[in-house]
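The structure under discussion appears below in the form of structure tokens.
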Amino acid sequence: MQALQVIERIVPDRLRQGARELADAVFVRRPPGRDVGRTPQPLNQDYETGRWDYLSNLEEMARYAVIDGYCRHNGSISSVLDLGCGSGILRQWLNSHEIIDYVGVDLSDYAIGIARRKWADPHTRFVAMDVASYTPDRKFDMIVFNEVLYYFPYPEDILMRFAAFLEKDGFFIISLWDSSDSRRAWQTARSNVDVIDSVQMRHRSGVSWNVRKCRPVGDTK
Ligand SMILES: C[S@@+](CC[C@H](N)C(=O)[O-])C[C@H]1O[C@@H](n2cnc3c(N)ncnc32)[C@H](O)[C@@H]1O
């Protein structure tokens, strides 16, 4: 564990950061990169033991709502690729849009199993696969990285790869909670995207997020 992460663990300010901190304290935390060569088992275990249960809590609501808002404001989102979709919480938020094709991808087949049980409609597909090796079969209006980019040792490579699967005028949504892992991910990823808009939010528990609407740098589609 890096010194910065140790300091972040012990300073009292961090203790205010609600359920996320609690989850990290109770369950073993995997730094990004450790899952390289990634197998679903550790992530499945996270879901089975309830580590990710807090994702459905009220304090997480704001970032899903902002992503839904970007979708709504755009007016014409009909296809969404949700990378690291977990158990499909965002799919629920997007339910009021006329989405013709939603594809959620997650390495945890356990999470995908939950998502599939919730969503069995012809417009929704869930794929249990590593995002790093997943190749879409179409282009999308919106590609979402909702609290997943910090899992990748080279997030910039992931963004570059998926840039090819954006429709004309399509965009990325990148949500990152405020943590050292997220700052590292954004530091390397930011040179690959132009930020069109961003929202910073802070829950009363102390957890904060940046949700950014971006386009790949130099995208002239
Ligand atoms: C913090 S959770 C966020 C889940 C979901 N995006 C949400 O906000 O409700 C991170 C998710 O990323 C998934 N994940 C981590 N590494 C992944 C990878 N290499 N490929 C696909 N999914 C991955 C985990 O299984 C987990 O579901």
Side-chain angles (χ1 to χ4, degrees), residues 17-24 26-68 70-71 80-95 102-116 118-119 124-136 142-159 161-162 172-179 181-182 184-185 189 201 203 207-212:
Q17 296 210 357
R20 280 172 177 258
E21 284 299 309
L22 188 60
D24 277 349
V26 173
F27 302 101
V28 178
R29 188 164 186 235
R30 274 177 298 285
R34 182 171 148 189
D35 290 334
V36 175
R38 305 168 181 102
T39 60
Q41 282 80 12
L43 297 165
N44 282 344
Q45 208 183 348
D46 284 344
Y47 278 99
E48 284 167 31
T49 55
R51 181 185 177 191
W52 299 119
D53 284 356
Y54 69 80
L55 295 172
S56 304
N57 289 356
L58 179 61
E59 64 188 50
E60 298 285 319
M61 171 269 291
R63 67 184 163 91
Y64 296 106
V66 168
I67 297 171
D68 178 40
Y70 276 130
C71 198
V80 176
L81 178 59
D82 184 3
L83 298 171
C85 64
S87 59
I89 299 173
L90 182 65
R91 177 68 189 89
Q92 173 105 35
W93 275 88
L94 301 181
N95 202 23
Y102 165 99
V103 180
V105 181
D106 203 284
L107 183 52
S108 165
D109 48 318
Y110 189 91
I112 290 295
I114 299 172
R116 282 188 183 141
K118 285 194 286 196
W119 296 97
T124 303
R125 295 180 276 162
F126 287 103
V127 181
M129 204 168 167
D130 188 340
V131 161
S133 45
Y134 172 70
T135 302
M142 178 167 98
I143 299 183
V144 183
F145 298 89
N146 189 10
E147 300 302 317
V148 73
L149 216 49
Y150 38 75
Y151 278 91
F152 302 101
Y154 302 103
E156 65 279 23
D157 291 354
I158 299 290
L159 288 174
R161 212 164 80 74
F162 284 97
F172 289 140
I173 294 290
I174 301 173
S175 173
L176 294 169
W177 77 294
D178 187 28
S179 69
D181 291 343
S182 295
R184 174 203 60 85
M201 65 208 91
H203 185 262
V207 188
S208 57
W209 297 264
N210 272 294
V211 178
R212 298 177 173 97

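Both counts, for ligands and for their atoms, begin at 1 and track the order of listing. No hydrogens, no waters, no symmetry mates; every other heavy atom, side chains included, goes into these values. None of the values given here were measured: they were computed from a predicted structure.
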Looking only at N/O atoms, are Asp130 and ligand 1 under 3.5 Å apart anywhere? yes
Of all residues at least two apart in sequence or in a different chain, which pass the side chain to side chain contact (heavy atoms under 4.5 Å, CB included) check with Glu48? Asn44, Tyr110
Taking the minimum heavy-atom distance to atom 1 (C) of ligand 1, which of Trp52, Tyr64, Trp93, Trp177 ranks first? Trp52
Mark the output for Leu90 as yes if a heavy-atom distance to ligand 1 is under 4.0 Å, and as no if none is. no
Please enumerate all residues that pass side chain to side chain contact (heavy atoms under 4.5 Å, CB included) together with Ala62, with sequence neighbours excluded. Met201
Say whether Leu107, considering both its backbone and side-chain N or O atoms, lies within less than 3.5 Å of an N or O atom on ligand 1. yes
Which atom names give the shortest non-hydrogen contact between Glu60 and Tyr54, and what distance separates them? CG-O, 3.2 Å
Got an N/O contact under 3.5 Å between Tyr150 and ligand 1? no
Shortest non-hydrogen contact from Arg91 to Thr124? NE-OG1, 2.9 Å
Heavy atom under 4.0 Å from ligand 1: found in Leu43's side chain, backbone, both, or neither? side chain
Considering all heavy atoms, the nearest Trp209-Ser175 contact: CD1-OG, 4.2 Å
Note: heavy atom closest to atom 6 (N) of ligand 1, options Gly104, Ala111, Ser175, Gly84, belongs to Gly84
Is Ala132 close enough to touch ligand 1? Criterion: a residue heavy atom under 4.0 Å from a ligand atom. no
Run the contact test for Glu60 against ligand 1 with a 4.0 Å cut-off on heavy atoms, strictly below, and give the result. no
Which segment of Met129 sits under 4.0 Å of ligand 1 when only heavy atoms are counted: backbone
Might you point out which heavy atoms bring Asp46 and Thr49 nearest each other, and give the distance in Å? O-OG1, 3.4 Å
Gln92 CD: over 12 foreign heavy atoms closer than 6.0 Å: no
Where on Tyr134 is there a heavy atom closer than 4.0 Å to ligand 1, on the side chain, on the backbone, on both, or on neither? neither
